[in-house]
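Predicted model, so just to flag it, every value in this text is computed and none were measured. Numbers restart at 1 for each chain; the letters A, B, ... are given by sequence-line order, proteins then strands.
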Protein chains: 2
Amino acid sequence: MGKVIANMSMSLDGFIADPADGIDQLFGWMGNGEVEVPTAVEWATFRMSEASAAYMRESMAGVGALVAGRHLFDITHGWGGTHPLGVPVVVVTHEPPADRPETFTFAGSVEAAVKLAREAAGDKNVVVASAKIAQQCLDAGLLDAIHVDLVPVLLGTGVRWFENLTTAPVRLEGPAVIEGHGVTHLAYTVHRS
Amino acid sequence: MGKVIANMSMSLDGFIADPADGIDQLFGWMGNGEVEVPTAVEWATFRMSEASAAYMRESMAGVGALVAGRHLFDITHGWGGTHPLGVPVVVVTHEPPADRPETFTFAGSVEAAVKLAREAAGDKNVVVASAKIAQQCLDAGLLDAIHVDLVPVLLGTGVRWFENLTTAPVRLEGPAVIEGHGVTHLAYTVHRS
């Protein structure tokens, strides 16, 4: 069975976006290299360092479904209909949008969302791509791993990845480290006591 | 001339102590290995992984003086009179204690403290060992490097290292990465634009 992995780009001081949801300071590593990493959509092709590209290709090959929050779904306008990863996306929301795109599934809780995503993913991994949803998954004991793309910047303010955890402290194992250019990939396993 | 380096152990979610100033969850890597690293005091001998020990020995050999905040000085009771690093310590405080230990110097601002520490350090590095003081040094453009001993735990609450930065975003370069056991040493350089 695949793993449930939270994965985000994070500043050294813990932010995954600036106060206006901007990610320019955090996603530079996806475009600062020579090695092309195509995605499922034309509007997103990454150009990374060789190390990041190898890491990214392996990660992408292992992903079977994505769980995202409603906020992320809204600010990306549903990724224009297709998520770059090209996998089924389950959006956690209490009120599914009226014009419900066929390519997305909506679930009322993280538990339901992870269950649906697991079914869709089969043997592959489920990636959780929203800060709040990742927090809720962690609190619900649903996360197997946390993969941080740690970016060498201090944002000082913005949206924190880890906040309001109700089950902390949470012990982690690892990380496996991949050194990219403008990013350090840190893959932690959530410790089960 | 030496560098001014902020160095602390930090949880993945950015805390350098729990809400009661506890550091048990963060300093485990200093005692979880086989390699002994003696300090200047009898009450503190580290036992680390080989990688951390090598990193620590090199760091310790390069340190010529320490800048600490008054809070840290107070909660450690002035390290019993001698800091484990065995170097001159400059404490930033507006009101020096009445019984002023001879082994410490007191300064009224981070600027004054770093100046005194630089003089004491000679060609060696100045290490800044308090979260708030490191923030103030960063804001004042006094920091050359940030060395994070990143610990695989989410504390959820506590004392944050980076908070209330007035000059953010701050771009960093690196990091140089050393993988220890229960810790990842990340040595960043502060980018000067």
Side-chain angles (χ1 to χ4, degrees), chain A residues 6 8 10-19 22-26 28 51 131 134-135 138-139 143 145-148 150-158 160-191, chain B residues 6 8 10-19 22-26 28 51 131 134-135 138-139 143 145-148 150-158 160-191:
Chain A
M8 301 193 81
M10 183 178 90
S11 69
L12 182 60
D13 53 347
F15 297 102
I16 53 98
D18 68 28
I23 51 173
D24 287 355
Q25 304 267 359
L26 295 172
Q135 290 168 29
L138 198 55
D139 283 336
L143 273 197
I146 296 175
H147 292 187
V148 181
L150 194 67
V151 177
V153 68
L154 298 169
L155 287 186
T157 181
R160 287 190 199 279
W161 186 352
F162 302 106
E163 200 155 43
N164 309 315
L165 295 177
T166 60
T167 56
V170 178
R171 283 172 55 201
L172 307 173
E173 283 160 14
V177 181
I178 304 281
E179 298 183 53
H181 179 59
V183 67
T184 311
H185 306 287
L186 304 171
Y188 294 91
T189 302
V190 177
H191 181 83
Chain B
M8 301 193 81
M10 183 178 90
S11 69
L12 182 59
D13 53 348
F15 297 101
I16 52 97
D18 68 28
I23 51 173
D24 287 356
Q25 304 269 359
L26 295 172
Q135 290 167 29
L138 198 56
D139 282 337
L143 273 197
I146 296 175
H147 293 187
V148 182
L150 194 67
V151 177
V153 68
L154 298 169
L155 287 185
T157 180
R160 288 190 198 280
W161 187 351
F162 302 106
E163 199 154 44
N164 309 315
L165 295 177
T166 61
T167 56
V170 178
R171 284 172 56 201
L172 307 173
E173 283 161 13
V177 181
I178 304 280
E179 298 183 53
H181 178 59
V183 66
T184 311
H185 306 286
L186 304 171
Y188 294 93
T189 301
V190 177
H191 181 83

Quiz item: Taking every heavy-atom pair that is under 4.5 Å apart, which of A/Thr166, A/Val183, A/Leu165, A/Leu155 has the most such pairs with chain B?
Solution: A/Leu155

Quiz prompt | Over all atoms of both residues, closest heavy-atom pair of A/Leu143 and A/Ala134 | solution = CD1-O, 3.9 Å

Quiz item: Looking only at heavy atoms, which two atoms of A/Ala17 and A/Ile23 are closest? And how far apart?
Solution: CB-CG2, 4.3 Å

Practice problem: Could you tell me whether the side chain of A/Leu150 reaches within less than 4.5 Å of the side chain of B/Leu186, counting heavy atoms only? | Solution: yes

Practice problem: Name the region of B/Gln135, side chain, backbone, both or neither, that has any atom closer than 4.5 Å to a heavy atom of chain A. | Solution: neither

Quiz item: Among B/Gly174, B/Ala168, B/Ser11, B/Pro152, which has the most heavy-atom pairs under 4.5 Å with chain A?
Solution: B/Pro152

Practice problem: Check whether A/Val148 gets within reach of chain B through its side chain, its backbone, both or neither, counting any heavy atom under 4.5 Å. | Solution: side chain

Quiz prompt | Sub-4.5 Å side-chain heavy-atom contact between A/Val170 and B/Asp13 | solution = no

Self-check item: Per-residue contact mode, A/Leu12 against chain B (heavy atom under 4.5 angstrom)
Solution: both

Practice problem: Considering only heavy atoms and a distance below 4.5 Å, find which of A/Pro169, A/Gly14, A/Gly182 pairs most often with chain B. | Solution: A/Pro169

Practice problem: Heavy-atom pairs under 4.5 Å with chain A are the metric here; pick the option from B/Val177, B/Asn164, B/Ile146 that has the most. | Solution: B/Val177

Practice problem: Between chain A and each of B/His181, B/Arg160, B/Gln25, count heavy-atom pairs under 4.5 Å; write down the option with the most. | Solution: B/Arg160

Quiz item: What are the two closest non-hydrogen atoms of B/Thr167 and B/Leu138, and how far apart are they?
Solution: OG1-O, 4.1 Å

Quiz prompt | Interface residue of largest heavy-atom contact number with chain A, from B/Val151, B/Val153, B/Leu154, under 4.5 Å | solution = B/Leu154

Practice problem: Look at the side chain of A/Asp18 and the backbone N and O of A/Gly158, then say whether any donor-acceptor pair between them is shorter than 3.5 Å. | Solution: no

Practice problem: Please state whether the side chain, the backbone, both or neither of B/Leu172 comes within less than 4.5 Å of a heavy atom of chain A. | Solution: both

Quiz prompt | Nearest heavy-atom neighbours spanning B/Ile178 and B/Ala51 | solution = CG2-O, 3.9 Å

